[in-house]
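Everything on this sheet refers to the single structure shown next.
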Amino acid sequence: MPEKVETTFPEYIRAGLEEVAREQGFTDGQYRFVTESGSNMGDGFVGQLIKVFIREADRELLVLCKLLPENEMRKQQGLAMFEREGEAYVKIVPLLMEFQREKHLEPDQPHFDNVPRCYYAKTTMEAMESVIIMEDLRASAYRMWDKSNPVNFEHAKLLVTTLGRLHALSFAMKDQQPEQFAICHKMVDTMTMVTEVEAKSFSKMMASMCRRAVDTLEPHDTFRREKVEAYMDCCWQELVKCVDGKAAEPYAVIGHGDCWSNNMMFRYAEDGKTPIHIKLIDWQLSRYASPVLDLVYFIFNCTDAELRSHGYQRLLSVYYNSLGEHLHRLGGDVERQFPRSALRDQLKRFGRYGLLMSLLVLPIICTPNDELPDTDSAMEDMMKEMSEGTGEGEMVYGTTEKAAARYRLRMSGAIRDAIRLGYI
């Protein structure tokens with residue numbers, strides 16, 4: 001068992017932990033904070049996680065503290081995302097959940113309960129300080145899927161069922177309580193808030209990653225190569241178009257925004273293989289946009305071509321049925337608010353987002369953890385290039401033959417399916 005040690009925290013973290021302790025009924029002056037050795041991480045891509053035990057006499061509460069990276073450049077980059085995640089946990093998700101509670105659903109009726117409990121979240125931009133304190137899902141037997149393997153149909157089905165219920169909350173609330181829901185319209189995608197210099201650098205980076213993706217196709221496959229190459233110099237602009245909530249109206253919803261396997265945790269049946277519940281974590285890119293973005297992001301990056309060949313339309317049906325059923329439970333009408341024709345239209349208009357995100361995400365997914373670059377130095381180099389407008393701002397991922405072969409297979413499959421489905 002890892003050793004547990006009493007810890008001194010910076011004041012802003014201690015203040016958050018003390019507020020949690022008070023709210024959870026611990027006695028002032030009687031409790032202490034203890035961390036587990038080895039949990040002071042510096043490995044997170046966007047932040048650190050520290051496991052903290054709040055202890056008083058024979059009572060103990062385990063929480064996770066999510067903190068900004070120590071590296072200054074990564075800290076600057078992460079601040080806005082931490083602020084967005086805190087806003088999601090403290091304002092937006094509670095707003096939607098309260099609306100759901102007001103409907104007095106029967107305990108045995110399906111409902112959306114797929115977010116970890118957040119005890120506290122605070123970001124101070126001027127001081128460059130941020131902390132999010134939440135439950136540790138691992139203590140409740142949740143675990144992650146191995147990102148390097150495509151998910152199977154059962155995991156995908158559970159995820160799209162959950163997305164249907166999440167999106168149904170927006171459809172119902174924006175229809176029945178438009179004034180209260182109005183705050184959600186302000187959750188614009190963070191991509192739309194970058195500077196002109198950053199946008200130019202992102203454009204270069206995506207052009208480079210697009211070239212790499214094209215090279216996964218056979219040289220003689222000129223039709224598909226030309227289809228993808230048409231996006232070479234406008235990938236970033238196309239991404240920004242896809243995440244525009246106003247362009248998706250009247251069907252825009254609050255979405256998770258970063259729906260890939262590292263941002264979800266599963267609880268399993270006794271066989272250890274059958275997923276029975278899911279929690280969506282890391283809401284740092286949550287936004288108000290088309291409902292299909294969460295779907296195509298997940299399906300294009302977390303499933304493979306084989307599953308999509310027989311399961312894509314099935315997954316869309318599972319999602320739509322889940323959305324319709326939950327919307328009905330909430331007092332809405334899917335035929336009026338989001339008919340199947342609207343889902344087809346949203347996929348036609350924004351389906352390319354799945355492939356565009358594959359350009360960015362599949363290199364990470366296909367790289368084993370031990371081949372990932374040193375995050376601090378890689379991010380520092382990339383951010384330096386971007387701020388100066390030099391280079392392509394591209395992070396280099398695993399180049400071993402195994403990682404490269406995995407990437408070729410997954411990326412070429414994503415391209416073929418995007419073209420087959422008419423998304424590009």
### Query
How would you list, by chain and number, every residue that makes a side-chain hydrogen bond (donor to acceptor under 3.5 Å, both in side chains) with R408, sequence neighbours excluded?
E401
### Check: S358 side chain, G354 main-chain N or O, donor-acceptor pair, under 3.5 Å
yes
### Query
Which value, rounded to the nearest 0.5 Å, describes the distance between K147 atom NZ and N263 atom CG?
12.0 Å
### Message
Quick one about Q346 and S290 (side-chain donor to acceptor, distance below 3.5 Å, no hydrogens or angles considered), yes or no?
### Response
yes
### Message
Is it the case that the side chain of S208 and the backbone of K204 share a donor-acceptor pair, with hydrogens and angles ignored and the cut-off at 3.5 Å?
### Response
no
### Test of ring centre spacing under 6.0 Å for Y268 and H155
yes
### Task
For side-chain contact (heavy atoms from CB on, under 4.5 Å), just list the numbers for K51 and L64, CA-CA rounded to whole Å, side-chain angles, deciding distance to a tenth of an Å, and then say yes or no.
CA-CA 5 Å; K51 188 184 291 188; L64 279 182; 4.1 Å; yes
### Task
Please answer whether the main-chain N or O of L169 pairs with a side-chain N or O of Q100 as donor and acceptor at a distance below 3.5 Å.
no
### Query
Would you find a donor on one side and an acceptor on the other, under 3.5 Å apart, between the side chain of S170 and the backbone of L166?
no
### Query
Distance-only, no hydrogens or angles: does the D189 side chain make a donor-acceptor pair with backbone N or O of Y288 under 3.5 Å?
no
#### Entry: Polar contact flag, side-chain donor to acceptor under 3.5 angstrom, E102-Q177
yes
### Task
Answer yes or no: is there an ion pair linking E85 with K66, defined by an N-O contact shorter than 4.0 Å?
yes
### Summary
d(M264 CE, L158 CG) to nearest 0.5 Å is 9.5 Å
### Query
What is the distance from atom CG of L343 to atom CG of L295, rounded to the nearest 0.5 Å?
7.5 Å
### Query
Does the ring center of H167 lie less than 6.0 Å from the ring center of Y319?
yes
### Message
Evaluate D282 against H256 for side chain to side chain donor-acceptor pair (under 3.5 Å), listing each step before the verdict.
### Response
CA-CA 8 Å; D282 289 353; H256 178 272; over 6 Å; no
### Message
Taking the cut-offs as 6.0 angstrom to the six-membered ring centre and 45 degrees off its axis, would you call R410 and F300 a cation-pi pair?
### Response
no
#### Entry: Other residues, nucleotides, ligands: >12 heavy atoms within 6.0 Å of K227 NZ
no
### Message
Please check if the number of heavy atoms outside D233 that lie under 6.0 Å from its CG is greater than 12.
### Response
no
### Task
Rounded to the nearest 0.5 Å, what's the gap from NZ on K122 to CD1 on I132? Could you check?
14.0 Å
### Message
Closer than 3.5 angstrom, by distance alone: can the side chain of Q337 be matched with the main-chain N or O of V334 as a donor-acceptor pair?
### Response
no
### Task
Go through the steps for D345 and Y251 under the test side chain to side chain donor-acceptor pair (under 3.5 Å), then give the verdict.
CA-CA 11 Å; D345 180 63; Y251 305 115; over 6 Å; no
### Task
Would you please name every residue forming a ring pair (Phe, Tyr, Trp, His ring centres under 6.0 Å) with W260, sequence neighbours left out?
none
### Message
Applying side chain to side chain donor-acceptor pair (under 3.5 Å) to T123 and S130, what does each step give before you reach the verdict?
### Response
CA-CA 4 Å; T123 298; S130 187; 2.7 Å; yes
### Over all atoms of both residues, closest heavy-atom pair of F338 and Y320
O-OH, 2.8 Å
### Query
Just by modelled atom types, is the L217 backbone N or O under 3.5 Å from a matching donor or acceptor in the R225 side chain?
yes
### Task
Run the numbers on Y142 and R267 for side chain to side chain donor-acceptor pair (under 3.5 Å), then give the verdict.
CA-CA 4 Å; Y142 285 87; R267 196 175 72 227; 2.8 Å; yes
### Task
Would you indicate whether K103, at its atom NZ, is surrounded by more than 12 heavy atoms from other residues, nucleotides or ligands within a distance under 6.0 Å?
yes
